[in-house]
Amino acid sequence: MLGKLWKRPALRRCAVISAAGLAVLAVGLPAADDDEPDLTRFYRQKVSWGKCEGMDAPKDLQCGKVTVPLDYADPAAGTLELALARYRATGESRGSVLLNFGGPGGAGVDQLAYGGKDFMSLTNGYDLVTFDPRGVGRSSPVSCGDSSEETADSADDSTELDADPQAVLAEIRATAAACAKHSGPVLPHIGTVNVSRDLDVMRQAVGDKKLNYLGFSYGTRLGAVYATQFPDQVGRMVLDGVDTLTEPLTEQGVAGAAGQQTALDDFIDWCTKDIGCPFGQDPRTARTEVVRLVESMDEDPVPTDFGDVFTGQDLVGAIGQALYSEDLWPELQRALTSLVEDGDTRGVMGFATGGLAAPGRDEDGDGGLVDAEDVPLDNLPAALMAINCADDPDRPTAEDITRNLDRLRAEYERASPVFGRYRLTEVLMCYGRPKGTDFIREKVKDVDAPKMLLVGTRGDPATPYRWTVETARRLGPSAVVLDNRDEGHTGYASSRCVHGKVDAFLLYGSLPASGSSCGSAEDE
């Protein structure tokens with residue numbers, strides 16, 4: 001599934017954090033077993049919170065960092081610093097709620113800074129904490145370098161795939177090598193299994209005995225993995241917009257393309273009611289015009305202020321990000337109008353890149369937090385690919401891909417004439433990368449943890465409701481399902497009913513009966 005970017009205006013170009021230092025507790029922890037790596041020094045940390053420098057953030061937002069091992073199997077091999085941010089509890093704090101806004105590839109610190117108002121009710125009892133996962137944002141960000149665009153363009157070209165798919169696969173393999181070169185030592189250790197272990201270090205570093213957690217979209221995958229690895233440390237956990245734990249990337253891509261096409265059709269229906277819609281006032285014609293715009297930009301990309309070009313597939317990725325929330329539709333319409341009428345890519349690029357600055361390079365990979373100007377422009381898509389591939393054990397051969405390519409392309413095109421090729425390309429981009437873990441598919445099931453609240457939204461364009469049902473069944477009796485009979489990706493920010501039930505559980509431990517439902521927005 002594509003990354004979940006929380007509803008907010010496009011991030012300011014300079015919006016990346018500067019974190020305060022890390023202190024070490026004098027109190028020790030029990031030594032590790034002889035057979036296990038000694039992680040004691042990481043679990044002795046305490047975050048030193050301070051002002052968020054270098055970003056136009058609310059004054060009451062505090063920033064910090066935590067140090068984790070690069071490789072949990074070999075803690076002496078190096079370390080990484082992870083960026084954190086928090087809002088303090090308004091009264092007496094009972095601990096923290098850790099947030100993951102989704103992705104994979106979403107930088108949590110920026111999300112909390114510019115979209116935190118939806119979560120302020122939780123500060124009635126908790127400090128509200130989020131983080132940039134390893135490989136994301138300021139936490140050793142991965143990148144595929146400047147050469148990735150040329151290779152990706154070739155992979156997106158269906159004519160090239162038809163004419164010489166082996167050559168395109170060779171270029172995709174070259175992109176994988178470029179990603180390894182520009183991402184540094186974090187890349188082999190990226191993925192949800194390691195991020196989950198980072199999450200447990202954070203839990204201890206903020207002073208909590210149990211992890212209270214609210215995860216959206218990809219963040220539900222992270223929460224499920226954590227509950228499997230650390231069942232005894234699970235406190236109150238909410239998973240909203242539930243990800244699949246079993247479907248291979250090929251099937252996820254088809255489901256995602258179909259859901260995004262439905263969301264795009266809804267946007268076009270809304271847009272064409274306005275005389276300012278850049279595609280006219282007839283919905284059927286407007287859908288054709290969107291396809292035509294994407295195809296024309298693939299054939300003749302538009303120059304950008306950064307000196308490179310913006311392709312049709314770049315546009316598809318940007319539109320996909322903007323469709324996660326109806327609150328972003330007016331901004332998307334304005335961005336598309338500027339693109340169609342003036343060739344101005346700045347608005348749509350804000351959705352495609354998260355508004356980050358042009359890429360710098362930190363190829364030394366010393367594990368420290370990077371500065372604002374060093375967060376690569378392609379970090380979001382690069383991290384999305386890297387994490388999804390690291391979490392997926394399937395690696396078909398070139399012969400398998402070539403043999404099934406026509407069938408796959410037709411299946412994706414049927415799912416969406418706009419998003420089909422983009423989603424298929426995402427799946428193909430795992431070719432040439434090391435095989436991912438089978439831990440999620442094989443081990444994340446029958447979790448012996450306290451009750452967890454799973455929220456599924458019936459009209460979710462990114463995480464189909466059936467994934468909530470399937471994941472709940474897989475997790476076992478610990479999973480309690482809340483059925484949100486509404487539209488949009490996730491329910492917490494859009495449904496007062498969902499918001500209230502989630503807050504009641506996190507703040508007071510009041511858990512709805514499994515199978516309870518929230519009505520549509522019109523009924524609330």
Side-chain angles (χ1 to χ4, degrees), residues 29-30 32-37 39-40 42-43 68 72-73 94-100 126 133 191-247 390-393 436-456 463 466-483 501-502 504-516:
L29 293 177
D33 294 337
D34 292 340
D35 295 336
E36 295 293 331
L39 302 175
T40 304
F42 300 102
Y43 276 92
V68 296
Y72 278 91
R94 67 192 70 171
S96 302
V97 170
L98 269 75
L99 301 178
N100 182 280
Y126 292 105
T192 304
V193 173
N194 279 323
V195 175
S196 172
R197 301 196 69 171
D198 295 341
L199 196 58
D200 198 55
V201 174
M202 292 179 220
R203 172 195 60 78
Q204 180 74 22
V206 299
D208 289 349
K209 293 182 179 179
K210 301 283 187 178
L211 176 73
N212 301 306
Y213 177 80
L214 175 55
F216 299 94
S217 194
Y218 161 76
T220 69
R221 187 196 310 173
L222 174 58
V225 170
Y226 183 90
T228 302
Q229 291 181 312
F230 303 99
D232 294 338
Q233 273 68 56
V234 174
R236 296 172 184 173
M237 178 172 285
V238 179
L239 312 179
D240 185 359
V242 182
D243 195 4
T244 178
L245 299 175
T246 58
E247 288 192 2
D391 287 357
D392 189 89
T437 181
D438 61 3
F439 181 89
I440 298 172
R441 197 176 293 178
E442 299 295 330
K443 302 295 185 182
V444 183
K445 57 184 177 182
D446 303 322
V447 176
D448 185 17
K451 296 289 186 182
M452 299 176 285
L453 181 59
L454 278 61
V455 181
T463 50
R466 65 179 174 83
W467 286 357
T468 301
V469 176
E470 293 168 0
T471 297
R473 187 181 302 119
R474 184 173 178 83
L475 293 178
S478 295
V480 173
V481 173
L482 176 62
D483 180 0
K501 290 183 182 297
V502 169
F505 175 53
L506 289 174
L507 289 168
Y508 310 113
S510 177
L511 190 66
S514 191
S516 299

Engineer: Test side-chain contact (heavy atoms from CB on, under 4.5 Å) on Leu454 and Val480; report intermediate values, then the result.
Structural biologist: CA-CA 6 Å; Leu454 278 61; Val480 173; over 6 Å; no
Engineer: Just do the side-chain contact (heavy atoms from CB on, under 4.5 Å) check on Lys501 and Leu482 with the steps written out, would you?
Structural biologist: CA-CA 9 Å; Lys501 290 183 182 297; Leu482 176 62; 3.7 Å; yes
Engineer: Show the numbers, then the answer: is there a side-chain contact (heavy atoms from CB on, under 4.5 Å) between Val242 and Thr463?
Structural biologist: CA-CA 6 Å; Val242 182; Thr463 50; 6.0 Å; no
Engineer: Under the rule for salt bridge (charged side-chain N to carboxylate O under 4.0 Å, His left out), what residues qualify as partners of Arg236, not counting sequence neighbours?
Structural biologist: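 Testing Arg236 for salt bridge (charged side-chain N to carboxylate O under 4.0 Å, His left out), a comparison that skips the adjacent residues, returns none.
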Engineer: Hey, could you give me each pair passing salt bridge (charged side-chain N to carboxylate O under 4.0 Å, His left out) that has a residue in residues 195-208? Not counting sequence neighbours.
Structural biologist: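 Every salt bridge (charged side-chain N to carboxylate O under 4.0 Å, His left out) pair that includes a residue of residues 195-208, provided the two are not neighbours, is Arg134-Asp198, Asp200-Arg203.
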Engineer: Begin from the C-alpha positions of Phe439 and Val225 and carry the test side-chain contact (heavy atoms from CB on, under 4.5 Å) through to its verdict.
Structural biologist: CA-CA 9 Å; Phe439 181 89; Val225 170; 4.1 Å; yes
Engineer: Taking only residues two or more places apart in sequence or in another chain, which ones pass ring pair (Phe, Tyr, Trp, His ring centres under 6.0 Å) with Phe230?
Structural biologist: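 Result, ring pair (Phe, Tyr, Trp, His ring centres under 6.0 Å) vs Phe230: Tyr226.
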Engineer: CD1 of Ile440 to CG of Asp392: how many Å apart, nearest 0.5 Å?
Structural biologist: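 Reported to 0.5 Å precision, the distance equals 9.0 Å.
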Engineer: State whether the side chain of Thr471 and the backbone N or O of Asp243 hold a donor-acceptor pair below 3.5 Å, judged by distance alone.
Structural biologist: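 Pair found, side chain donor or acceptor close to backbone of Asp243.
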Engineer: Could you tell me whether Lys443 atom NZ has more than 12 heavy atoms of other residues or ligands within 6.0 Å of it?
Structural biologist: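 At most 12 heavy atoms, drawn from other residues, nucleotides or ligands, come within 6.0 Å of this atom.
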Engineer: Any side-chain heavy atom of Met237 within less than 4.5 Å of one from Asn212?
Structural biologist: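 They are not in side-chain contact.
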Engineer: Has Ser478 got a side-chain atom pairing as donor or acceptor with Val447's backbone, closer than 3.5 angstrom?
Structural biologist: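 Yes, the answer is positive, given that a donor and an acceptor are paired below the 3.5 Å cut-off.
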Engineer: Between the side chains of Glu247 and Arg466, is the shortest nitrogen-to-carboxylate-oxygen separation below 4.0 Å, so that they form an ion pair?
Structural biologist: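 Looking at Arg466 and Glu247, the cut-off is met.
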Engineer: I'd like to know if the side chain of Thr192 pairs up with that of Asp391 as donor and acceptor (distance under 3.5 Å, no hydrogens or angles considered).
Structural biologist: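 Asp391 and Thr192 do have a side-chain donor-acceptor pair below 3.5 Å.
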